[in-house]
Structure formats: structure tokens, C-alpha cells
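Input: a single structure, listed below in C-alpha cells.
Naming: A, B, ... by sequence-line order, numbering from 1 per chain.
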There are 2 protein chains.
Amino acid sequence: MICLINRTLSKVCHFTKGNRLELIPISSSLTRRCCTNFDKTLHESEDSPVKSERETAEQQIRYLKRELQRLKAANASLDQMAAVRADIDKVQEKLDSLPSAVDKADKGVLLKPAKGTRDYGPEQMAVRQKVLDDIIKVFKRYGAVTIDTPIFELKEVLTGKYGEDSKLIYDLADQGGEILSLRYDLTVPFARYLAMNKISNIKRYHIGKVYRRDNPAMTRGRYREFLQCDFDIAGQYDPMLAEMECVSIAYEVLTALSLGDFRIKINHRALLNGLFEACQIDSSKFRSICSAIDKLDKEPWETVRKEMTEEKGLADNEADEIGRYIQRNGRIELVDELLNDTFLLKSQAAKTGLEDIKLFLHYCSISGIDDKVSFDLSLARGLDYYTGLIYEVVLESRRKDESVGSVAAGGRYDSLVGMFDAKKRNVPCVGISLGVERLFSVIEAKNAKEKTRVRVVDTQVYVASAQKNLVEERMKICRELRTNQINAEQPLKKNPKLLQQLQYCEDQLVPYAVIVGEGELERGVVKIRNISTREECEVPRSDLVSELKKKLQIL
Amino acid sequence: MICLINRTLSKVCHFTKGNRLELIPISSSLTRRCCTNFDKTLHESEDSPVKSERETAEQQIRYLKRELQRLKAANASLDQMAAVRADIDKVQEKLDSLPSAVDKADKGVLLKPAKGTRDYGPEQMAVRQKVLDDIIKVFKRYGAVTIDTPIFELKEVLTGKYGEDSKLIYDLADQGGEILSLRYDLTVPFARYLAMNKISNIKRYHIGKVYRRDNPAMTRGRYREFLQCDFDIAGQYDPMLAEMECVSIAYEVLTALSLGDFRIKINHRALLNGLFEACQIDSSKFRSICSAIDKLDKEPWETVRKEMTEEKGLADNEADEIGRYIQRNGRIELVDELLNDTFLLKSQAAKTGLEDIKLFLHYCSISGIDDKVSFDLSLARGLDYYTGLIYEVVLESRRKDESVGSVAAGGRYDSLVGMFDAKKRNVPCVGISLGVERLFSVIEAKNAKEKTRVRVVDTQVYVASAQKNLVEERMKICRELRTNQINAEQPLKKNPKLLQQLQYCEDQLVPYAVIVGEGELERGVVKIRNISTREECEVPRSDLVSELKKKLQIL
């Protein structure tokens, strides 16, 4: 693909593989930026073996998003930003209309994964599994067990749990029998599992894919099929002890992954509800105000205030009263101050919330994680089902104007299991969901930036041959090494070229090669080559396993 | 649930939890057996906390299946066996009609997983993950990488790949947009992935769930959602080298899992086709004859012969000619004998097949795995797409009359990828699929028989307190241990009872407990308790981490 940028036209022109020329009109600011990045773009295009129109469009969207961030940071006018947003929509529209842009086999089989989904190749999988292994290690450090539930549930299990988002649920076709839907998250199946098996306490993690018929924004890492990674504690326990474990897990995971600094924001649903109560707001409006507050991390207070008064029906003085509180954040001093706030303390709920937060912050300081934790009254969390402490972990960007956003979030939800129980028996629950897809993206970007080579195969020794007709000898050696738990590979050709064999080892970062040669065999020896230093040494054939174990530090 | 057996009525009567009495008529032989097993049954019922009618019916079916096996082994009459089969159908019918037999929440939400699916609790998951870890270790020992593909595909990707079984594919509802289906296996998505990304060689494993709207026979471990575990090698390689790796992997996995003796049966599609050719059978009949031959491991030759002549339209002499060959099995001597068989050698395909087998057996003897491998002309494999060597691994039962059946199977399929390629470019492939669900069942049964206690939590140290008000001290110790990579757990109650804490450790096979006490704290020490020996010792608080690391042999 050739990519050209026409400054005058303000368009991105590109020739697709099929030699079709296309012009996509874009804003002038993007044109400038594209020009600057032209070389880089070209280079990126050459990197990937299959560069489709889809990918090109995705790349354009990526530029536009970055542009938007820059404009925001520079306090650009709303008009300027709206123009870029319109550009994004335009390219997105093109992207959505691109099913035929991919390869099509003769029979008309479309060669693509379903919309909003993707395959993971060996390198992506290696990164993902490494991260998941690190995360699972932390879960196990806290004594968690794991469970698994089916990918689909009876539709009625999911009904009435997700509010407006229910329209995003994937249904299965009615092929006779039960009416089924793909799971939307792991929390509702967890609650169903608890109620069904009458389990009253468990500490479990669950890693599995979930499905949402959302408008995929694959450039932002938002897919229709994605992995969720949840840790939850069910059971009647003493205040804040289970919450502490959830937050500590996020703390340990982010420390283990070394992704730089992060911040843990906490708040309490009872405190928010108490604040609304103190402002004498009708309880029917609580949820919708929460969802307005939730936007404070992206929008300025003025915009949120406008939504409250114009859309959510609050009086000016009510909105201002709320605004006075929710724009505040701090640490234990702020909790103490609010615990003396007579206006707020009109509500018992507010007091309960503040006391919980105070105890939680105390436990944080005992555990030595308080440096990362801040009390932030603007944290509201979207989901309806939270009933107590809520929290969200954000990565701190090195650049002030770039936000990676939330990488973990959760809270207490004490009423969900009861929705499944005939006698409405509740099992109090608290959990944290790690945003693993976002973590993967951050790590992949970091690897790309630092040019980290990811080891994809775990081969420790490659058994190569220097001449023809040595396949049987190689086979014997492989068998011997594998029996001794050494990861050994050999070429699947009878007479491979030595250079190609060594090239493979270098490409795949295999540490050692055993080189079988006729002369050496006659003398009862084999050659061991250190791939990175290219040093070679001969060892008696009979000592091969023990020599390799020594080199590989296998005990 | 109370379970009664009425000898006179030949019925299983049982009172369900709701105190409803139900009678299920069964054959007299089952009644006898049930009476014998009555105590055992009762005991089993008490074991499980939630024993539903469904489970009871499943248990009945299990008895009936065993009865059927015994009758077969005892060469019982066809009538006797038919009677038991009818019983099975009867109970199965009841089982199918049991949606309302499970708990129902007030709102009418059915508390059950979808038909043919199940949840996996912590203990099952621990067993499954241990087995998968062992298997993955073997895959990596051969230099395999892993990939992942979405759970659903465009429907057309699956169309025309599974023959009659296509009716078992789960479709997603048409909610606007693409027409999607759940994947039926991992092989077709793999071929789609290779063709789409123009990958011409890869050695990959893929572990993932697949979906089949089959009539679930959950008692036999057949589910609608189940795990597949595939290893495949794509690429143009020298004869039998890739096949050797697939079969060696099965050999190593079964050795690692120590499930007793096993046998690897091999055959070749070209040899079978060559045999039919030599018998001058019309090539249009090849597939259907293969599927008849495939039944030889369950049915006697007479039955298969009848199917060939009466249903598949073979002449008597044709069937006998085929029968003369396919009832044979042996080792290299048989291959040599057939390589001199003038009748068979009329077909070039037969010769090619035999030569492949000869080379394969030679490689097996070089690798030292030939003791498990036998050449079996009755092996045909159901799937259409095989083109070369095929193989199947069966566990040898200690009891001659009980067969666990196939636990791994696969073969060469050189034409599947071409179905997705516009230019019909083929990528030769060979693979093996491990029957992990069956392996899990065998291991679970073995654990139950040997009363093996499965460790579910990985906690190494439980931090307990001997008196009240020590939660903060416990918290500090947990934090210290966890920071030092020790898996540490503490009760989530402020003032738990010591006995309960130690009981938890014994139940969960936690090796050590740290017991925090006021007196000890004052003297600057803590107690370490070895849970299995119940021995206790005191160590200085400052040496706690190093002492525990020593005990746990953490370097």
C-alpha cells in the first residue's frame, strides 16, 4: 500500500493493493500532522505483512484521537475539537463499510474474523499469557481459587441486570430448546453460580471472554469479544477487610507489571447517596446524577453541571451544593474534615460511608499502600449494583496531557446474589475487575517502544545437523533431551541447511543449538553452540544431557 | 433426597426435596443391582450438598450404562441388552423434561446453566488446570507456540466443513449485521487463520471451548460446551517427521499423566482408499465404507459386514475381500507382508500408504516408542478431511471388558486450508487432538477411587490470631510475606476463633500457620505451626520471612 498526503486537498489519499485510489477528506490539522508523520507511517506500513484498508483506516483514527488529546491539552476551542470528532466519525463510517476490503476465497468465503473480534497470533499470546501468569500468581498469593462458567446463559439470567446496556447482549438463535445469550460479564454468572449452589463464602478469580454488541472501536482497544479478569470475595466479613484485599491485589498486580506510577481512587456509594439526601434531592434521581458525576474525569465541571440542571432536572443551588463536594479529593484529612461537616452529617448514610472510608484508609496505611490511595468524591462508577466502597485504579502518564485511564475498578455489591435467590437471601460480595485488555495494549506499546523482543517459543535446545542423512541421529538426541525435560526442537526436513537452522535459533532467541556432524559422531562427540555469543564447544555424546542441564541451570 | 428401591415394582422411587414422590419403571436386572448398591447410593446422595432430581436421574443412567457393559461382557442376548437400552432412553427422557426440577428464584429465573453445559467448581478447576499445565509443558517441549481465535465465526466459514454434523452448529441470532455461528472445533478456525494471514508454516497448540448442539449425554461426559486441546503442524516438510511429533506428543502426555498403559493405533487413508480401489469399488462409496469400518471397535465384523452389504450396497465378495484386510493388525511384519501382497499392490495409493507406514514405524523404533504403536487396518476415523496417516490413542483398561476408549486422535489433512484460499493454495497440515474432557474424567475417577485430596488453594502460610484485636498485626505480616512472594492468607474477620482458623488450614491442606499472640508479640516472637504434624515452634518476629522461606524451600 502506498500512502500519500495531499496538503491542499486536506485528504489522505491511498492506493490499496488492488490499485484503487481513495481519498478520505480530513481536517487540516490532521493533514499537517500526517505530513510530519509521513515517513513513520510508510515505515509502519512496510512492517506489517498484511496491511489492509481496514488497518489504514484504523491508523488514521489513531492519529485523529491523538490530535484530539493534544487539542484538549492545549485548551482548544470546542469548534476545533468538534471538527476532529467529525473526522473520526467519517473514517469510522468508512471503516464500518469495509467488509469486502479483505481477502475473499473463490467460493465467496469472507476471510475475516467476525466484526469486533480478532485472532491473537503467537507473539500477542506470549505477551498475554505472561501478563495473566503474573496476575494469577497475585490472586493465588491471596488464597483465591478459580471457577469457570459456560460462555452462554439462559437469557433470563441476564435480563434486568444491565439496564440500558441490555441491548448490547448477543442472543443465540432459537434453534428449538432454551433461549440463550452470550455472557455480558463474569459477575452475573458468578452471582447465579453462588445462588444456585447456595455458596455463602468463596474467594475466587475468573478469567474469561465476555461479549458485547457495542460499536467496536478497535483502535482504542475496544472489542466485541474481550477478556475479563475478575477477583471477588463473597461472604459475611468484617468491614473493609475484603475491600482491602481487592485493592491490595490491584496494587500488587500493577507493581509486578512495572507500568509506572498509578493512583487508586476511592469513594463510597453511601456517601454519594448521603450527599444527595443532604441536598434533599429525590431518591429517584440518584442514579442519573451518579452517571453525570461519572463524567467528571473527562469533562469539566461546567459541562457536568449543565447536564445536571438541564437534563437531570436539578435546581441551580442543588447542583452547586453537589459540586462543592464532588470536586474535592484528598486523603485522611479530607475524611476528618467531612466527618465534622454538619450539612453532610444530616444524612446517616453519609456518616456510614465516611466511617468506612476512614477505616479503609487506616488499613491502607498499616499495609503501607496509602501513598497510592486517594479519596475522590467525583468517583461514581457506572454500574447500578454497587452498594458500598467503590474504587478505580488509573495509570499515571508521564505526559500530563495523555491519560491511559482506568486499568482496574470495582466495589462492593451486596444485593446481586439475592436477585437469584427464591428467598432473597443475600450474599455480600466485593470485587475488582482488572482491565486486562488495556494492560495488554499498554505493555504491547511499551515493548514496541523499547524494541523488546518477545520470546515466543520456549525451545531451549535446537538440534541441528551439519551434513545430510543425520535425521535419525537428531531424532535420538531430541528424544533423549525431551525425556530429560529439556525443551528440544529439530527441523522437520531430512537434510536442512545449517545456516537456516542457526538463523531460526537467532530469530526465535533459542539459547543453545546442538550441532550433529559426521566427523564428531565418529569421534563420539557433539558440538554445543551458544546462539547469542556464537561460541561453540565439543562435549562427549554421553555427557550431552548433563552438559546442557548445567548450561541451562536445570537442577 | 431419600432413595428407595421397590423390588416388586421394578421401579426406582424417590422423594424429591419438595416431597414429591416419583416412580421410574426400570428393568428387573437394574432393580437387583440398585438394591446391591443401595447403601452406596444413599451415601453418595449425602455427599453432595445439592442433589437434584437431575442428578438422581443421571445416577440412574450411570447404573444402567454399567449394567449394559456387564451384559455385553457376559455375552448376554440382544433382547436383554435392548431392554436395558430402553430403560436408558426412558430415564433420559425424564431427564430431558426436567427444567423445572431445579431451583427457581421468585422472579421465575431458572437457576441452572444452559442445557448440556456446566459450571466448574474450584476442585474441578484445580484438577483441569494441573492436567492442562502438564500438557502445555509437553507442547512447549516440542517448540510449539499458541494462538487464539474468537469463539464465533462468520457462519459461511463453517459451512460445508462438517457434512451431516452441520446441523449441530449453534447459530447466533440475527441482530442486524453479520450472520455468526459458534465454532464447532478448533481446526476450521485454524485453517481460516492460516489462509487469511497467508501463513505457510507454524507449529501451534490451541486450547479452547467448542460448541455442539448434540444430544448431551452428560453422564458419559459428553457436553454441548467442551474443551478441545489441539496441536497441529502446518508446512511442507519431509515425510512422517511432523506425524512423528504429533504421535510423540500423545505418547509423552499420557506418560506424564500416568494413567496406565495405552496403545497407539495407526493406519493410512491412502491405504484404505487403495484397498477399496483394489477391490474395484466405486470411489463414491469410499467415505461411507470408511464410516462403516469405523464401527469395528464397537461392533463385531458380522454387524459391520451386514451394514456394508445391506446399507452401503457392496457385493458379498467385495465385503469379504475388505474384511480379509481390515480385521488385521500387527507391527512392521504386517507392513512387510502387505508390501508383497499382489492383490493390494494393484493400487499405487495402497503402496504409498504402506511405505509411509513403514517409514513411520521405523522412526518410532528409533525414538523408542514403538512398543506402544500398532498398525491397525480397522482404524478409519470419522472425519472426511484426512488425507494421509491417521492415528488414535486408546487407554488400556485393567479390566478387559471396560474400555475407556480414545483419548487422542488425529492425522494428516492436506486440503483444508485450500478451501479458504482464493487461489486454492494448500498448506499441508497434520495434527493431534487430545481428548482432554475424557482425560479429566479418568483422572477425577482415579482421584475419587484413590481418595486423593486435591489441593485447591495455593496458600503456603495462614496468618492466624490467638486472641482478639490482632487484625492489624496480621495485616502487617501478610503484607510482609506477600511482598516476599509467599502465598499468605488471613481470616477476614477481626476476631476469628483459633480453632476455626486451624480447621481451615487442615481442610485446605495449607502447610504452615503463623499464630500471632499478645504474649509472643511482647517477647518479639511469633509461632509457626506445621499443620500436618501439628508441631509448633517460636521464631523471632524479625526472622519470620527467612524461616518460612527455609521451611517452604523457597530459594
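- Separation of atoms CE (M475(A)) and OG (S248(B)) is listed at 7.5 Å; rounding is to 0.5 Å.
- To the nearest 0.5 Å, atom OG1 of residue T146(B) and atom CZ of residue R128(A) are 11.5 Å apart.
- Heavy-atom distances place no part of F190(B) under 4.5 Å from chain A, backbone and side chain included.
- Looking at I169(A), the atoms closer than 4.5 Å to chain B (heavy atoms on both sides) all sit in the backbone: N, CA, C or O.
- At a 4.5 Å heavy-atom cutoff, the contact between I366(B) and chain A is made by backbone and side-chain atoms alike.
- Neither the backbone nor the side chain of M240(B) comes within less than 4.5 Å of any heavy atom of chain A.
- At a 4.5 Å heavy-atom cutoff, L158(B) makes no contact with chain A through either its backbone or its side chain.
- Expressed to the nearest 0.5 Å, how far CG of L172(A) lies from CG of L182(B) amounts to 5.0 Å.
- Counting heavy-atom pairs closer than 4.5 Å to chain B, the top residue among L492(A), T255(A), V510(A) is L492(A).
- Ranked by heavy-atom pairs shorter than 4.5 Å toward chain A, the options R213(B), M244(B), K209(B) are led by R213(B).
- To the nearest 0.5 Å, atoms CD (E472(B)) and OG (S365(A)) are separated by 8.0 Å.
- When the candidates E480(A), R204(A), E252(A), K137(A) are compared by the number of heavy-atom contacts under 4.5 Å with chain B, E252(A) comes out ahead.
- In this structure, the side chains of R192(B) and P113(A) come closer than 4.5 Å at one or more pairs of heavy atoms.
- For the options E153(A), Q124(A), K494(A), Q129(A), heavy-atom pairs under 4.5 Å to chain B are most numerous at K494(A).
- The choice from D119(A), V471(A), V145(A), N201(A) that makes the most heavy-atom pairs within less than 4.5 Å of chain B is D119(A).
- Neither the backbone nor the side chain of E123(A) comes within less than 4.5 Å of any heavy atom in chain B.
- Residue K167(A) qualifies as enclosed at atom NZ: its count of foreign heavy atoms under 6.0 Å is above 12.
- Residue Y205(B) touches chain A through its side chain alone, counting heavy-atom pairs closer than 4.5 Å.
- No part of V138(B) comes within reach of chain A, as not one of its non-hydrogen atoms sits under 4.5 angstrom from that chain.
- Residue Q460(B): no heavy atom, backbone or side chain, is found under 4.5 Å from chain A.
- Across P239(B), A242(B), P496(B), A488(B), the residue that shares the most heavy-atom pairs under 4.5 angstrom with chain A is A488(B).
- Contact annotation for I233(B): only side-chain heavy atoms (C-beta onward) come within less than 4.5 Å of a heavy atom of chain A.
- Residue N495(B) touches chain A through its backbone alone, counting heavy-atom pairs closer than 4.5 Å.
- Only the side chain of I202(A) comes within contact range of chain B, judged by heavy atoms closer than 4.5 Å.
- Of all the listed residues (V457(A), I151(A), V456(A)), the one sharing the greatest number of non-hydrogen pairs under 4.5 Å with chain B is I151(A).
- At least one donor-acceptor pair closer than 3.5 Å links the side chain of E178(B) to the backbone N or O of K115(A).
- Both the backbone and the side chain of Q175(B) have a heavy atom closer than 4.5 Å to some heavy atom of chain A.
- Across R482(B) and R141(A), no two heavy atoms sit closer than the pair O-CD, 3.4 Å.
- The shortest non-hydrogen separation linking E489(A) to Y142(B) is CG-O, 3.6 Å.
- Most heavy-atom pairs under 4.5 Å with chain B, from the set A114(A), P150(A), A144(A): that is P150(A).
- Taking CZ of R479(A) as the start and OH of Y251(B) as the end, the distance is 5.5 Å to the nearest 0.5 Å.
- When all heavy atoms of Y193(A) and G121(B) are compared, the closest pair comes out as OH-CA, 3.4 Å.
- Here the NZ atom belonging to K203(A) is positioned 7.0 Å from the OG1 atom belonging to T459(B), to the nearest 0.5 angstrom.
- Within the 4.5 angstrom heavy-atom criterion, atoms from both the backbone and the side chain of Y363(B) approach chain A.
- Between K493(A) and L241(B), the closest side-chain pair of non-hydrogen atoms is not below 4.5 Å.
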